[in-house]
Amino acid sequence: MNVLAFDIGASSGRAVIGHLDGHQLKTQEVHRFSNDPVEVGGHLHWDILRLFHEVKQGILQAKHQGYDDIQSLAIDTWAVDFGLLDQNGELLGNPYHYRDHRTDHMIDEVRQHLSEHDIFSRTGIQFMQINTLYHLYAQKKANVSLLQQADTFLMIPDLLRYFLTGTKQSEFTNATTTQLFHAFEKKWDDYILEQLGLPTHIFTDPVAPGTVVGELLPSIRQELGVSSIPVMTVGEHDTASAVAAVPTDQQTFAYLSCGTWSLLGTEVDAPVINQQAFEWNFTNEGGVNDTYRLLKNIMGLWIIQECQNTWEKAGEPLSYDEMNDAVKHASPFQSFIDPDHVMFLNPLSMPEQVQQYCRDTHQHVPETKGGILRSVLESLALKYRFVLERLETLADTTFSGLHMVGGGINNEILCQFTANAIQRPVYAGPVEATSLGNLLTQYQGLGHIKGIEEARWIVRESYPFKTFTPQDEKIWEQAYQSFCHLINE
């Protein structure tokens with residue numbers, strides 16, 4: 001029983017075959033590709049047609065590698081971004097990248113029409129300028145005629161599914177991230193759309209993960225020389241898929257999906273929408289199997305990645321081992337940053353921005369690469385504790401440890417720093433949680449797995465995880481107090 005998962009992140013994508021043998025899930029990567037945003041005309045876009053080409057190449061590579069019995073395929077990607085189709089089904093321009101600066105100041109402009117409290121009470125989504133709401137409103141401000149031409153709104157995985165099947169269909173977990181979706185009524189929020197002068201007719205009713213929504217178009221089957229393959233929805237926001245693969249046997253647990261973004265949260269049966277969640281700017285996003293994810297978005301390893309990119313462009317690249325060595329030899333706790341400060345969203349030079357933040361907050365300014373990287377990693381770990389403690393208050397529980405999943409767990413220094421900061425064990429693994437969650441949700445949709453508990457049991461049986469125990473608790477406690485004083489000023 002082979003199924004095919006496409007897991008496309010903000011910097012790369014992969015096509016992974018899953019084979020379920022009893023209660024052992026085996027995987028094989030058949031295709032990997034880069035995802036390179038394109039800046040043109042002063043704006044940052046996704047190259048959506050290139051991504052669609054790579055999806056087709058993934059199907060083709062699966063065939064070439066002997067997987068000619070694929071029972072279904074599904075796509076997950078990052079959240080919030082979208083494309084618009086006209087009445088003929090033609091794409092109205094390349095989708096904008098969530099880091100494009102067109103949403104600068106859009107939160108303030110939207111606030112003139114709707115209060116933040118009103119928006120949060122309806123959607124339960126935290127306020128970030130990358131949210132779909134602000135991009136769609138920016139689209140209206142910049143080019144209302146294009147928005148008037150729009151007949152259908154599709155988020156990125158919806159759009160790629162449409163290219164494969166010709167079916168226009170939204171998926172629940174991704175729809176909930178937009179800040180345009182009513183958390184309790186589980187439908188697009190016409191009130192918010194109307195108050196902002198945005199069209200309501202362009203949205204399709206979302207379906208649950210694990211739903212077959214179409215099959216490969218005849219033209220694609222002919223182009224690739226493959227037979228018909230059902231195309232299914234999964235947790236199409238990649239974090240929803242990652243959480244579905246957290247290898248826990250507990251009903252109550254905390255997770256950290258760690259990559260370009262860090263998403264720290266817990267799984268709940270219903271949205272937690274109250275004054276405290278609003279003030280702390282937490283979010284409630286849909287999950288697999290009618291769950292919700294109460295979580296906080298944290299800037300994550302984007303800051304490290306952008307430091308590396310800046311140094312590489314300057315002809316001073318750092319290998320992974322060189323980076324780790326530089327961090328280990330840098331002095332600890334010299335300075336901290338708030339990873340979620342807006343100045344780290346998309347700067348021209350991330351190392352200079354880290355230094356500027358330290359300068360602005362009257363701290364020691366790191367001058368070496370190791371000093372900059374260590375400051376960022378320590379600050380991320382401390383921010384994880386800060387968010388974890390607030391999460392416990394909102395969820396009215398205490399977590400015994402933290403499950404870390406995703407590519408960020410390859411950074412074992414960050415895993416250890418996190419255990420030190422939260423003063424609890426960190427369970428790191430699996431790395432490819434998102435693709436595993438994608439595959440296992442497909443198996444649920446096909447009737448081979450009964451539910452999310454069985455899916456997580458399969459992950460535990462199939463993939464080991466590494467435990468990091470806290471060290472140097474006293475000095476990390478002192479560092480945490482200094483960090484809290486900094487970000488609460």
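Both backbone and side-chain heavy atoms feed into the values below; hydrogens, waters and symmetry mates do not.
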Practice prompt. Return yes if some donor-acceptor pair links the side-chain N/O of Glu171 with the main-chain N/O of Thr233 below 3.5 Å, else return no.
Written response: no
Item to complete: Establish, for the pair Arg385 and Trp476, whether the NZ or CZ atom is under 6.0 angstrom from the six-membered ring centre and no further than 45 degrees off its axis.
Response: no
Practice prompt. Start with the C-alpha distance between Ser257 and Val243, add both sets of side-chain angles, then the distance that settles side-chain contact (heavy atoms from CB on, under 4.5 Å), and finish with yes or no.
Written response: CA-CA 7 Å; Ser257 181; Val243 173; 5.5 Å; no
Discussion item. Quiz question: by atom type and distance under 3.5 Å, do the side chains of Asn420 and Gln416 form a donor-acceptor pair?
Written reply: yes
Practice prompt. Taking atom NE2 of His329 as the centre, report whether more than 12 heavy atoms of other residues, nucleotides or ligands fall under 6.0 Å from it.
Written response: no
Worksheet item: So, Arg161 and Asp158, do they make that salt bridge, N to O below 4.0 Å?
Response: yes
Discussion item. Can you confirm whether the side chains of Asn309 and Gln305 place a donor and an acceptor under 3.5 Å from each other?
Written reply: no
Discussion item. Set out, in order, the CA-CA distance, both residues' side-chain angles and the distance that settles side-chain contact (heavy atoms from CB on, under 4.5 Å) for Ile130 and Thr103, then state yes or no.
Written reply: CA-CA 7 Å; Ile130 68 172; Thr103 57; 5.8 Å; no
Worksheet item: Could you walk me through whether Lys369 and Glu322 pass the salt bridge (charged side-chain N to carboxylate O under 4.0 Å, His left out) check?
Response: CA-CA 10 Å; Lys369 294 182 177 67; Glu322 288 171 336; over 6 Å; no
Worksheet item: Would a 4.5 Å heavy-atom cut-off, applied to side chains only, mark Asp238 and Trp78 as touching?
Response: yes
Worksheet entry | Aromatic ring pairing Phe153/Phe203, orientation class (parallel under 30°, perpendicular over 60°, tilted between) | tilted
Practice prompt. Verify whether one side chain among Asn143 and Gln139 offers a donor that lies under 3.5 Å from an acceptor in the other.
Written response: no
Worksheet item: Does the Asp81 side chain pair with the main chain of Tyr98, one donor and one acceptor, at a distance under 3.5 Å?
Response: yes
Worksheet entry | Test item: Phe120 and Phe127 side chains (from C-beta on) under 4.5 Å apart, heavy atoms | yes
Item to complete: Could you tell me whether the side chain of His403 and the main chain of Val246 form a donor-acceptor pair under 3.5 Å?
Response: no
Discussion item. Looking at Thr283 and Gln126, would you say the former's side chain and the latter's main chain have a donor-acceptor pair under 3.5 Å?
Written reply: yes
Worksheet entry | Electrostatic pair Glu352-Arg359, nearest N-O below 4.0 angstrom | no
Discussion item. Using only atom types and a distance under 3.5 Å, with no angle test, would you say the side chain of Asp7 pairs donor to acceptor with the backbone of Thr434?
Written reply: no
Worksheet item: Can we say Lys466 and Glu412 salt-bridge, meaning some charged N sits less than 4.0 Å from an Asp/Glu carboxylate O?
Response: yes
Practice prompt. Go through the steps for Asp104 and His101 under the test side-chain hydrogen bond (donor to acceptor under 3.5 Å, both in side chains), then give the verdict.
Written response: CA-CA 5 Å; Asp104 291 353; His101 286 291; 3.2 Å; yes
Worksheet item: Is a side-chain N or O of Gln363 found less than 3.5 angstrom from the main chain of Phe336, in a donor-acceptor match?
Response: yes
Worksheet item: Does His64 NE2 have over 12 foreign heavy atoms under 6.0 Å away?
Response: yes
Fill in: Shortest non-hydrogen contact between Asn94 and His45, atoms and distance
O-ND1, 3.1 Å
Worksheet item: Below 4.5 Å, heavy atoms only, C-beta onward: do Leu414 and Leu301 meet side chain to side chain?
Response: yes
Worksheet item: Going by atom types alone, do Gln471 and Thr469 pair a side-chain donor with an acceptor below 3.5 Å?
Response: no
Response to the item:
Heavy atoms of Leu394 and Val272 approach each other most closely as O-CG1, 4.1 Å
Worksheet entry | Arg293 and His237, any side-chain heavy atoms less than 4.5 Å apart | yes
Worksheet item: Would a 4.5 Å heavy-atom cut-off, applied to side chains only, mark Leu377 and Asn411 as touching?
Response: yes
Worksheet item: What's the verdict on side-chain contact (heavy atoms from CB on, under 4.5 Å) for Leu136 and Phe82, showing C-alpha distance, side-chain angles and the deciding distance?
Response: CA-CA 9 Å; Leu136 202 58; Phe82 61 91; 3.6 Å; yes
Practice prompt. Taking the six-membered ring for Trp and the single ring otherwise, decide whether the centroids of His135 and Tyr96 are under 6.0 Å apart.
Written response: no
Item to complete: Ignoring hydrogens and angles, tell me if any N or O in the side chain of Ser241 forms a donor-acceptor pair with the backbone of Gly235 under 3.5 Å.
Response: yes
Worksheet item: Is there side-chain contact between Glu432 and Tyr463, with at least one heavy-atom pair below 4.5 Å?
Response: no
